[in-house]
Amino acid sequence: MAAAAPPAPPASAPLHGVQPLRAGQGHSFLWRKLHSLSGIVPIGAFLVEHIVSNFETMNGPLAYAQQVKFLNALPLVRVLEWGLIFIPLAFHALYGVWIAFRGRVNVNVYPWAGNYAYIAQRVTGLIAFVYIIQHVWRQRFSGVSLPENPAMAFHKVQVELSNPWMLAIYVIAMVATCWHFAYGIWLFAAKWGITPGERARKRSGYVCGAFGAALCVMGLMSIWAVAFNPAYKDAPIPYMPSQPAGVVEPAPASVVPGTTNPQQPGNVQ
């Protein structure tokens, strides 16, 4: 007797169909749970804080320097930096790369929205991964140390964004990172059973999309303020005397920190 033919695949798939994470599906269950959770807390929370802090560039070099000084004056800031940012970020990124390269692309067979989102999530994750490596190295560990010299924060980013290639990288990375995070929130809610059912997931998609778009707009506005705002193009580096965090008295615009000689605005030696 001839074996029965396998059933044909469905003609369409639910737009927001996502399989929940369940135990008993292999040893990767715990790692995937941690990977999913770490993308929201603490990494997602830090991303929101980072974009909100960088939005201070809209108010100029002094406001941005005050924000950098405040953050670096938090208690146990280096413990928080490594324990809640660098280590979780390394785990999320490396495990995410492993997941991305193990996945199979099948949009040529099943051109559904969920499959395109699956690809976009992995591509944007890889873009964010490469960008974050260079960004952390160049802004945190290379050149002038901003934790000890917060007055240089605006100028350091401004110098980097004066390179058109770096400016393009920043813009692309901002869009990719915000999309990755917004869709990651939606996936988290779906996989953890927070949004059961098609209606809940569809509404969640609108909320996550709006949230991600708002973050992206704030990030792009911060980039514009540093790279293109004419009011800050030749702004001098603000004078920040040694005072408690959050208390900054600007010196005359013609004085460069660490010198007693007047300088032309924007002329840093």
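In this structure, R122 is positioned above the aromatic face of Y118, its NZ or CZ under 6.0 Å from the six-membered ring centre and within 45° of the axis. In this structure, R102 forms a cation-pi arrangement with W98, its terminal cationic atom sitting closer than 6.0 Å to the ring centre and no more than 45° off the ring axis. The side-chain tip of K191 does not point at the ring of W186 from less than 6.0 angstrom away and within 45° of straight on.
Between F46 and L84 there is no side-chain heavy-atom pair separated by less than 4.5 Å. In this structure the side chain of L167 never reaches within 4.5 angstrom of the side chain of N163, judged on heavy atoms. Counting only heavy atoms from C-beta outward, the side chains of P42 and L89 never approach each other to under 4.5 Å. By the 4.5 Å heavy-atom criterion applied to side chains, Y64 and V226 are not counted as neighbours. Side-chain contact between W179 and Q121 is present, with at least one heavy-atom pair separated by less than 4.5 Å.
From Q134, atom CD reaches atom OG of S142 across 10.5 Å, with rounding to the nearest 0.5 Å. One finds the CG atom of L80 at 11.0 Å from the CG atom of L71 (value rounded to the nearest 0.5 Å).
In this structure, S53 and Q67 approach most closely via the heavy-atom pair OG-NE2, 3.0 Å.
Relative orientation of the F86 and F141 rings is tilted, given thresholds of 30° and 60° on the angle between their planes. Ring pair W31/Y95 is tilted by interplanar angle, where 30° to 60° counts as tilted.
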Item to check | Y232/N229 under side chain to side chain contact (heavy atoms under 4.5 Å, CB included): CA gap, chis, key distance, verdict | outcome: CA-CA 6 Å; Y232 309 137; N229 192 331; 3.4 Å; yes
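Under the rule for a salt bridge (charged side-chain N to carboxylate O under 4.0 Å, His left out), the partners of E160 that lie at least two apart in sequence or sit in another chain are R138.
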